[in-house]
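Written out below as structure tokens is the structure these notes cover.
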Number of protein chains: 2
Amino acid sequence: MILDSETKAVELPDDHGTELRLWLRLLTCTTLIEGEVRSRLREKFDVTLPRFDLMAQLDKVSDGMTLSDLSKRMMVSNGNVTGLVERLVESGHLDRRTSETDRRVQFIRLTKLGRAEFRKMAAEHEKWIADIFGDLSPKDIRELMRLLAKAKGSAQRSAKARTA
Amino acid sequence: MILDSETKAVELPDDHGTELRLWLRLLTCTTLIEGEVRSRLREKFDVTLPRFDLMAQLDKVSDGMTLSDLSKRMMVSNGNVTGLVERLVESGHLDRRTSETDRRVQFIRLTKLGRAEFRKMAAEHEKWIADIFGDLSPKDIRELMRLLAKAKGSAQRSAKARTA
DNA sequence: TGCAATTTCTTTAAACTTCAAGCAATTGGC
DNA sequence: GCCAATTGCTTGAAGTTTAAAGAAATTGCA
């Protein structure tokens with residue numbers, strides 16, 4: 001243990017252990033929950049998590065969304081979305097329509113079937129999440145929301161600085 | 001807005017919106033950081049995140065680990081680890097040795113090369129993480145650690161209840 | 001207008017991932 | 001000892017994911 005002149009514990013100048021442990025805990029937590037949600041979606045609805053996530057994005061809007069929008073919101077690559085959408089159109093959950101003003105653009109929508117199935121899944125999903133976080137008090141949740149917002153901002157700042 | 005008899009805002013009995021928003025924020029945060037780490041690992045070391053994660057597990061021990069151990073610690077499937085290890089043995093980063101007491105078991109170790117390369121990457125990685133969380137105060141970090149531990153416990157409780 | 005830059009999307013290859021099935025080896029109860 | 005159950009790992013199929021390259025369309029600027 002290193003002590004400063006007033007006999008208080010201090011960190012080594014380059015010790016970033018606490019941040020690393022925080023990151024590992026964040027990752028563990030997310031992986032755990034994600035795995036749980038993935039299992040339940042497969043088990044109860046025979047749907048994969050990526051498909052559910054994509055439909056969740058589309059359910060937020062009534063008039064459709066482009067592939068690029070989806071890609072940005074889901075934080076996955078463009079090509080990834082292309083394949084996912086293709087399979088969901090194939091299964092009758094989505095609907096694609098080429099823009100009339102820009103022929104590169106495709107507007108993607110949930111079909112009636114897609115929206116109905118998604119709503120059913122989403123209702124269950126919300127209950128699962130509530131149960132998964134069931135031990136947290138409202139205050140815990142507020143605090144976590146606040147701190148995660150701060151962490152997100154910090155990460156964005158760092159990412160931006162690297163790319164710049 | 002719904003008010004109770006003492007004119008205090010209350011939630012609908014089945015409104016789990018706050019938990020859902022918390023989950024989405026947690027996921028966004030993790031995805032963002034994971035993507036950033038992935039990019040940097042590829043850019044600076046031309047290594048993938050799963051390979052780095054696997055080596056990180058092995059670096060913690062001196063005498064090797066079985067595939068099952070790796071699978072549990074990384075929270076990924078058994079088959080997944082089989083493939084990852086195969087490629088890392090191929091590239092000379094890992095070393096496999098069959099157990100003498102149980103011929104099903106393989107002990108996996110970092111080779112000298114593997115450990116050296118990992119240590120170099122890990123040092124950089126730790127700095128990246130410190131920068132990514134750079135806007136958080138020590139108190140923020142402590143609080144996040146605490147709340148995430150609580151969330152993890154809650155998720156484990158929920159997962160266990162489902163499987164039971 | 002002309003055309004370089006940008007944007008949108010698709011395609012490809014390689015890697016990663018899960019799940020389920022299967023094989024080989026060990027264990028535990030009888 | 002016998003053998004059913006379990007454990008450790010691999011395999012195969014389907015799907016997800018990224019990165020990189022490319023095709024098609026639009027935009028913006030000289």
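In this text, all values refer to a predicted model and were calculated from it rather than measured experimentally. Below, chain A is the first sequence line, B the second, and so on; all start at residue 1.
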Which part of the nucleic acid does [X] contact within heavy-atom distance under 4.0 Å: base, sugar-phosphate only, or nothing?
X      : result
B:T66  : sugar-phosphate
A:S77  : base
A:T82  : base
A:T101 : sugar-phosphate
B:L84  : sugar-phosphate

Separation of [X] atom [atom1] from [N] atom [atom2], in whole Å?
X      : N      : atom1 : atom2 : result
A:N80  : D:dT17 : CG    : C1'   : 5 Å
B:E86  : C:dC16 : CD    : C1'   : 13 Å
B:I108 : D:dC9  : CD1   : P     : 8 Å
A:D102 : C:dT7  : CG    : C1'   : 8 Å
A:K72  : C:dT7  : NZ    : C1'   : 9 Å
B:F52  : C:dA15 : CZ    : P     : 20 Å
A:L70  : C:dT8  : CG    : P     : 13 Å
A:D53  : D:dG15 : CG    : P     : 17 Å

Quick one about [Y] and [X] (side-chain donor to acceptor, distance below 3.5 Å, no hydrogens or angles considered), yes or no?
X      : Y     : answer
B:T28  : B:R25 : no
A:N80  : A:S77 : no
B:D102 : B:S99 : no

Does the distance from a Lys or Arg side-chain N to an Asp or Glu carboxylate O, for B:E36 and A:R162, drop under 4.0 Å?
-> yes
Considering only NZ, NE, NH1 and NH2 on the basic side and carboxylate oxygens on the acidic side, decide whether A:D59 and A:R119 come within less than 4.0 Å.
-> yes
Taking D:dG8, C:dC19, C:dC9 as options, the one with an atom nearest any side-chain atom of B:R104 is D:dG8
Nearest of D:dC9, C:dT8, C:dT18 to any side-chain atom of A:R38?
-> C:dT18
If the cut-off is 4.0 Å, is [X] near the phosphate of [N], judged by side-chain N/O to OP1 or OP2?
X     : N      : answer
B:R87 : C:dA14 : no
B:R51 : C:dC16 : yes
A:T48 : D:dT16 : yes

With A:L54 as reference, evaluate A:L110, A:T48, A:L49, A:L70 under the side-chain contact (heavy atoms from CB on, under 4.5 Å) test and give the passing residue.
-> A:L70
Given DNA chain D, 5'-ward residue of the pair B:D69 and A:G79, judged by closest heavy atom = B:D69
DNA chain D: 5'-proximal contact among B:L67 and A:L49 (nearest heavy atom) | B:L67
Whichever of A:R96 and A:S39 has the more 5' nearest nucleotide on DNA chain C, that residue is A:R96
Between A:S68 and B:P50, whichever has its closest DNA chain C nucleotide further toward 5' is A:S68
